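Structure record follows, encoded as structure tokens.
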Amino acid sequence: MREDIMEGIRRHILPLSGLDKAQLLEVWPGHSRISIKIPESALNLYGNLHGGFLFSLCDITAGMATYAYEYTNVTQHGSLDFMRGINAGLIFVEANSIHKGSRSVVNRVEVKSEDGKIIAAGDFTMYLLEAL
């Protein structure tokens, strides 16, 4: 493979960080909402918010909405559709349970910009472990 192509491939490996800057805004059983000012350390090679960073925020928010049911939980399945890129500003991530069973909770998650535009949306199924 050409060396310039290999170098471009290597540049995709980035030290993403900044998840700890998220602020919890709301939480109750089956619902959670967080906000975060997009950190420069979470941008991808092309200058947009990294999809993996967004996925992690959605996973965390779905886990909090499920934890509020008073159960420890882990992600059983997650899917996220990306609608538009964003590279600066404040974003909001909201999870709402659409189904709670005896062993799992399905959460619909949306990511929105400050002006209310949808950045990403998806579903996260959380497996219920132990009652707290």
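Only a predicted model underlies this, so the values are computations on that prediction, with no experimental measurement involved.
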Do the charged groups of Arg10 and Glu3 touch, with an N to O distance under 4.0 Å?
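Looking at Glu3 together with Arg10, the answer is yes, because their closest N to O distance falls below 4.0 Å.
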State whether the number of non-hydrogen atoms from other residues, nucleotides or ligands found under 6.0 Å of Tyr67 atom OH is greater than 12.
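Counting neighbours around OH of Tyr67, 12 or fewer heavy atoms of other residues, nucleotides or ligands fall under 6.0 Å, so no.
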Is the number of heavy atoms from other residues, nucleotides or ligands under 6.0 Å of Gln76 CD greater than 12?
yes
[X] versus [Y], closest heavy-atom pair with distance:
X	Y	answer
Gly8	Leu45	O-CD2, 4.2 Å
Leu24	Glu26	CD1-O, 3.5 Å
Ile86	Ala88	CG1-O, 3.6 Å
Pro39	Gly18	CG-CA, 4.1 Å
Ser104	Thr125	CB-CG2, 4.0 Å
Leu25	Ser35	CD1-CB, 3.7 Å

Can you find a heavy atom in the side chain of Phe92 that is under 4.5 Å from one in the side chain of Val111?
no
Hey, any chance [X] and [Y] share a hydrophobic cluster, counting ILVMFWY side chains that come within less than 4.5 Å of each other, even indirectly?
X	Y	answer
Ile38	Val109	yes
Ile60	Ile119	yes
Leu16	Ile34	no
Tyr71	Phe124	no
Ile91	Leu80	yes

Ser79 and Asp123: side chain donor to acceptor below 3.5 Å:
no
Do you see a donor-acceptor pair shorter than 3.5 Å between the side chains of Thr66 and Asn73?
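Side-chain D/A pair, Thr66 to Asn73: absent.
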In chain order, what residues pass the salt bridge (charged side-chain N to carboxylate O under 4.0 Å, His left out) check against Glu40, with sequence neighbours excluded?
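Once residues adjacent in sequence are excluded, Glu40 has no partner under the salt bridge (charged side-chain N to carboxylate O under 4.0 Å, His left out) criterion.
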Are any side-chain N or O atoms of [X] and backbone N or O atoms of [Y], one a donor and one an acceptor, separated by less than 3.5 Å?
X	Y	value
Arg84	Ile118	yes
Thr72	Glu130	yes
Glu110	Glu94	no

Interatomic distance, Arg103 atom CZ to Tyr127 atom OH [nearest 0.5 angstrom]:
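Result: 3.5 Å between the selected atoms.
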With rounding to the nearest 0.5 angstrom, report the CG to CD1 distance, Leu19 to Ile36.
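Reported value, rounded in 0.5 Å steps: 6.0 Å.
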Just list the side-chain donor-acceptor pairs under 3.5 Å for residues 48-57, sequence neighbours left out, or say none.
unit_1: His50; atom_1: ND1; unit_2: Gly52; atom_2: N; d: 2.8
unit_1: Ser56; atom_1: OG; unit_2: Gly52; atom_2: O; d: 3.1

Given Lys100, Met126, Met64, His31, the one that forms side chain to side chain contact (heavy atoms under 4.5 Å, CB included) with Asn107:
Met126
